[in-house]
Amino acid sequence: MKDLKHLYYFEKLLDEANNELVREAQKEGRICVGNVCSLVPEVLLDLPGTFTVRLRAPRTGSMEMGTYYLTSFLCEYSRALLERALEGGYQFLDCLIAPDACSMINRAVENMELLKTMTKEKFFYRNMEIPMKADDNGLSVYVSECRSKILEPLHEIYGIDTSEEALLTAVENHNKVCKLITEIGEFRKEENPRITGYEYHMITLASYVCPKDLLVEKLEETLEELKTREPDSKKQYRAKVVMAGSEIDDVDMIKLVEESGALVVADRFCFGALPGREEIPLNHKEDIVTQVCRHYMYASQCARYMNKEKIQGRQIYVDQLAREYHADGIIYQQMKFCDYWAYERMVCSHVLREDYGYPVLSVDRPYAVGASGQLRTRVQAFVESIEIKKIQKNRGGVK
């Protein structure tokens, strides 16, 4: 297929954390709010006068200092973030909101604060308590934490408008971007999709690490371009897969999978679109913060939620994605040393294979995949196994 017009633009935005659009927004006097987890309601960080950036560490190499402070038994995402902070790579931030979600991210952010990695005069950290069960009690805690750890300090320290009108504007702007990304994602359901998983991941990831309003024009143009884009006459892939599991912000991961013959047609991971880029419905009966928190709590597919409905729901959700996007198999991945997703990957890989009948590749991986020969070999072997099963199934049908 012909390259998307703005593909190189999106790729360049992901080359560094302090990218072109971040700098443009800060020149306008907007406050940059850092966040590190999907459990922090992103839309509440995108108020009029603010914008949010999901922290990542592009082009990660050595993590010696991060490992020194966090040890080699913590996930590489947390170590990479601390390493980049010690290098001064997040000096553009005006504050950092982190959840009390996993001990590894907690320790990374705690060390950022103890080691005084941020030097702006008004810079502040806030750590949110996040419920582990999605119910009314959890929602009450969630709402209280969002008010006290996000809205109040933004208003008191930076004078940000946190009124219902401002929150409504934030949700409307968020929904506009989500609607565009969702419509772009619909093309992935086609028999011969006109957009690759790599291209879609670039677009989605950019919406997490840039001021969203500054991306709208490029997203609208990309959507219009896709409406008339012709896919290759001959399929360039050998199997379609759903990518599920823990945090992925390394674009090389999706590229490696697709170069190995598996087209990624749906994603269920942090920094992804399913969930993450669905519109947030609002009513006129409740305050907006409560509605936003309820949406994030019940839409979330995070492995940290431990109530039975959530655990079973995560398996059902991946099955629904596989059927809706016509996937031939599932790649369930987990970043090394991630406690929550290590357990989740083990259980879900078994359930999706034995109870739902999907071919499943279960892998743990480093934060920065690069050109991992071992992972490439495993994906190639997985694709071949899917092809063999198809052949066997067809032969059985003939008989």
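Just so it is clear, the structure is predicted and the values come from calculations on it, not from any experiment. Nothing fancy with the numbering, it's 1 onward along the sequence.
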*Asks:* Show the numbers, then the answer: is there a salt bridge (Lys or Arg N to Asp or Glu O under 4.0 Å) between Glu87 and Arg84?
*Replies:* CA-CA 5 Å; Glu87 294 170 350; Arg84 190 58 53 90; 3.2 Å; yes
*Asks:* Nearest heavy-atom pair of Met243 and Ile248: which atoms, and what distance?
*Replies:*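 So the two residues come closest at CG-CD1, 3.9 Å.
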*Asks:* A side-chain contact here means heavy atoms from C-beta on lying under 4.5 Å apart; do Tyr158 and Lys122 qualify?
*Replies:*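 Yes, side chains in contact.
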*Asks:* Determine the minimum heavy-atom distance between Val383 and Ala262, stating which atoms define it.
*Replies:*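 Result for this residue pair: CG2-CB, 3.8 Å.
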*Asks:* Search all heavy atoms of Glu258 against all heavy atoms of Leu263 and return the closest pair with its distance.
*Replies:*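 Heavy atoms only, the tightest pair is OE2-CD1, 3.2 Å.
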*Asks:* Hey, what do you get for CD (Glu384) to CD (Glu387), rounding to the nearest 0.5 Å?
*Replies:*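 If we round to the nearest 0.5 Å, Glu384:CD and Glu387:CD are 7.0 Å apart.
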*Asks:* In the structure I gave you, are the side-chain heavy atoms of Pro99 and Val36 within less than 4.5 Å of one another anywhere?
*Replies:*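 Contact flag for Pro99/Val36 side chains = yes.
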*Asks:* Check this for me: does any side-chain nitrogen of one of Lys149 and Glu129 sit under 4.0 Å from a carboxylate oxygen of the other?
*Replies:*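 Not counted as a salt bridge, because no side-chain N and carboxylate O are separated by less than 4.0 Å.
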*Asks:* Which residue pairs pass the ring-ring contact (aromatic ring centres under 6.0 Å, His included) test with at least one member in residues 224-258, sequence neighbours excluded?
*Replies:*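 Pairs touching residues 224-258 that pass the test: none.
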*Asks:* Roughly how far apart are Ser300 OG and Leu39 CG, rounded to 0.5 Å?
*Replies:*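 These two atoms lie 5.0 Å from each other.
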*Asks:* Show me the pairs that pass ring-ring contact (aromatic ring centres under 6.0 Å, His included) and involve residues 58-80, at least two apart or across chains.
*Replies:*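 Residue pairs passing ring-ring contact (aromatic ring centres under 6.0 Å, His included), neighbours aside: Tyr77-Tyr367.
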*Asks:* Kindly confirm or rule out a cation-pi arrangement of Arg54 over Phe271, judged by NZ or CZ under 6.0 Å from the six-membered ring centre and within 45° of its axis?
*Replies:*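 The answer is yes, since Arg54 meets both limits relative to Phe271.
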*Asks:* Checking Arg229 against Glu199 for the salt bridge (Lys or Arg N to Asp or Glu O under 4.0 Å) test, could you report, in this order, the C-alpha distance in whole Å, the side-chain angles of both residues, the deciding distance, and whether it holds?
*Replies:* CA-CA 13 Å; Arg229 190 189 201 192; Glu199 292 170 332; 3.0 Å; yes
*Asks:* Considering residues at least two apart in sequence or located in another chain, which fulfil the side chain to side chain contact (heavy atoms under 4.5 Å, CB included) criterion with Arg277?
*Replies:*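 Expected list: Glu42, His174, Cys178, Ile181, Thr204, Ser207, Tyr208, Lys212, Ala273.
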*Asks:* Any chance CD of Glu64 has more than 12 other-residue heavy atoms, nucleotides or ligands included, within less than 6.0 Å?
*Replies:*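 Counting neighbours around CD of Glu64, 12 or fewer heavy atoms of other residues, nucleotides or ligands fall under 6.0 Å, so no.
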*Asks:* If you count every heavy atom of other residues, nucleotides or ligands that lies below 6.0 Å from Lys189 atom NZ, does the total exceed 12?
*Replies:*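 Result for NZ/Lys189: enclosed.
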*Asks:* I would like to know whether Tyr198 and Glu11 meet side chain to side chain donor-acceptor pair (under 3.5 Å); could you show each step before the answer?
*Replies:* CA-CA 10 Å; Tyr198 172 75; Glu11 287 177 332; 2.7 Å; yes
*Asks:* Do the ring planes of Tyr356 and Tyr358 sit parallel (below 30°), tilted (30 to 60°) or perpendicular (above 60°)?
*Replies:*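 It falls in the parallel class, under 30°.
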*Asks:* Which heavy atom of Val363 sits nearest to which heavy atom of Arg378, and what is that distance?
*Replies:*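 Where Val363 meets Arg378 most closely, the heavy atoms are CG1-NH1, 3.3 Å.
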*Asks:* Flag yes if Tyr9 and Leu7 sit in one hydrophobic cluster, no otherwise; membership is Ile, Leu, Val, Met, Phe, Trp, Tyr, and two members link when side-chain heavy atoms are under 4.5 Å apart.
*Replies:*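 Shared cluster, yes.
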*Asks:* Passes side-chain contact (heavy atoms from CB on, under 4.5 Å), Thr182 versus Glu279? Steps please.
*Replies:* CA-CA 9 Å; Thr182 299; Glu279 296 179 66; 5.8 Å; no
*Asks:* Taking Glu224 first and then Lys227, would you say they form a salt bridge - that is, a charged N and a carboxylate O separated by under 4.0 Å?
*Replies:*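 Answer for the salt bridge query: yes.
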*Asks:* Check this for me: does any side-chain nitrogen of one of Arg147 and Asp287 sit under 4.0 Å from a carboxylate oxygen of the other?
*Replies:*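 Judged by the 4.0 Å cut-off on N to carboxylate O distance, Arg147 and Asp287 do form a salt bridge.
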*Asks:* Is the closest side-chain heavy-atom distance between Val347 and Gln315 below 4.5 Å?
*Replies:*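 Touching, per the 4.5 Å side-chain cut-off.
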*Asks:* Got a sec, which residues hit side chain to side chain contact (heavy atoms under 4.5 Å, CB included) with Thr50, two or more places apart in sequence or on another chain?
*Replies:*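 Scan of Thr50 (side chain to side chain contact (heavy atoms under 4.5 Å, CB included), adjacent residues dropped) gives Ile31, Val33, Leu47, Ile160.
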*Asks:* For Glu152, is there an ion pair with Arg126 - N to carboxylate O distance below 4.0 angstrom?
*Replies:*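 Looking at Glu152 together with Arg126, the answer is no, because their closest N to O distance does not fall below 4.0 Å.
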*Asks:* Quick one: do Glu191 and His326 satisfy side-chain contact (heavy atoms from CB on, under 4.5 Å)? Show the steps, please.
*Replies:* CA-CA 8 Å; Glu191 181 180 353; His326 313 294; over 6 Å; no
*Asks:* Using a strict cut-off of less than 4.0 Å between a Lys/Arg side-chain nitrogen and an Asp/Glu carboxylate oxygen, indicate whether Glu20 and Arg23 qualify as a salt bridge.
*Replies:*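 Salt bridge: no.
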*Asks:* What's the separation between atom CD1 in Ile97 and atom OG1 in Thr52, rounded to the nearest 0.5 Å?
*Replies:*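 If I round to the nearest 0.5 Å, the distance is 8.5 Å.
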*Asks:* Evaluate the salt bridge (Lys or Arg N to Asp or Glu O under 4.0 Å) criterion for residues Glu183 and Lys179: first the C-alpha distance (whole Å), next the side-chain angles of each, then the deciding distance (0.1 Å), finally the verdict.
*Replies:* CA-CA 6 Å; Glu183 289 183 19; Lys179 184 174 186 293; 2.5 Å; yes
*Asks:* When you check the gap from the basic side-chain N to the acidic O, do Arg79 and Glu83 get nearer than 4.0 Å?
*Replies:*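 Between Glu83 and Arg79 there is no salt bridge, as every charged N stays at least 4.0 Å from the carboxylate O atoms.
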*Asks:* Phe10 and side chain to side chain contact (heavy atoms under 4.5 Å, CB included): which partner among Thr222, Leu205, Val251?
*Replies:*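 Running side chain to side chain contact (heavy atoms under 4.5 Å, CB included) over Thr222, Leu205, Val251 with Phe10 returns exactly one hit, Thr222.
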*Asks:* Do Asp213 and Phe51 come within less than 4.5 Å of each other through their side chains, counting heavy atoms only?
*Replies:*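 They are not in contact (no side-chain heavy atoms under 4.5 Å apart), so the answer is no.
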*Asks:* Evaluate Asn106 against Asp100 for side chain to side chain donor-acceptor pair (under 3.5 Å), listing each step before the verdict.
*Replies:* CA-CA 6 Å; Asn106 283 350; Asp100 185 16; 2.6 Å; yes
*Asks:* Just how far is it from atom OG of Ser72 to atom NZ of Lys336, taken to the nearest 0.5 Å?
*Replies:*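 Those atoms lie 11.5 Å apart.
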*Asks:* Is there a path of hydrophobic side-chain contacts, each under 4.5 Å between heavy atoms, that joins Met346 and Ile331?
*Replies:*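 In one cluster: no.
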*Asks:* Are any non-hydrogen side-chain atoms of Lys240 and Pro193 less than 4.5 angstrom apart?
*Replies:*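 SC-SC contact between Lys240 and Pro193 confirmed.
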*Asks:* If the condition is ring pair (Phe, Tyr, Trp, His ring centres under 6.0 Å), which residues does Tyr125 pass it with, not counting sequence neighbours?
*Replies:*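 Tyr125 satisfies ring pair (Phe, Tyr, Trp, His ring centres under 6.0 Å) with Phe123 only.
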*Asks:* To the nearest 0.5 Å, tell me how far Glu344 CD sits from Gln334 CD.
*Replies:*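 It is 10.5 Å, given to the nearest 0.5 Å.
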*Asks:* Would Val171 and Leu167 satisfy side-chain contact (heavy atoms from CB on, under 4.5 Å), going step by step from the backbone distance to the final call?
*Replies:* CA-CA 6 Å; Val171 174; Leu167 291 168; 5.6 Å; no
*Asks:* Nearest 0.5 Å, please: how far is CG in Leu44 from OG1 in Thr162?
*Replies:*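 Interatomic distance, Thr162 OG1 to Leu44 CG, rounded to 0.5 Å: 10.5 Å.
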*Asks:* Which heavy-atom pair separates Tyr296 from Ile280 by the least distance, and what is that distance?
*Replies:*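 That would be CE1-CD1, 3.9 Å.
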*Asks:* I want to check something: taking the side chain as every heavy atom from C-beta on, are Leu21 and Pro211 in contact at a cut-off of under 4.5 Å?
*Replies:*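 Answer yes - side chains close enough.
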*Asks:* With a 4.5 Å heavy-atom cut-off, do Val216 and Leu180 have their side chains touching?
*Replies:*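 Val216 reaches Leu180 side chain to side chain.
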*Asks:* Are any non-hydrogen side-chain atoms of Ile203 and Ile195 less than 4.5 angstrom apart?
*Replies:*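 Side-chain contact under 4.5 Å: yes.
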*Asks:* Answer with yes or no whether the hydrophobic clustering places Ile316 together with Tyr343; edges join I, L, V, M, F, W, Y residues whose side-chain heavy atoms lie under 4.5 Å apart.
*Replies:*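 Yes: a chain of side-chain contacts under 4.5 Å links Ile316 to Tyr343.
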*Asks:* Using every non-hydrogen atom in the two residues, find where Ile386 and Pro359 come nearest and quote the distance to one decimal.
*Replies:*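 So the minimum-distance heavy-atom pair works out to CG1-CB, 4.0 Å.
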*Asks:* Given Leu70 and Ser78, is the side-chain contact (heavy atoms from CB on, under 4.5 Å) satisfied, shown in steps?
*Replies:* CA-CA 8 Å; Leu70 300 180; Ser78 60; 4.1 Å; yes
*Asks:* Regarding Thr119 and Gln91, is there a side-chain donor-to-acceptor distance under 3.5 Å anywhere?
*Replies:*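 Yes - a donor-acceptor pair under 3.5 Å links their side chains.
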*Asks:* Partners of Met297 by side chain to side chain contact (heavy atoms under 4.5 Å, CB included), sequence neighbours excluded?
*Replies:*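 So Met297 forms a side chain to side chain contact (heavy atoms under 4.5 Å, CB included) with Pro131, Ala134, Leu139, Tyr142, Tyr305.
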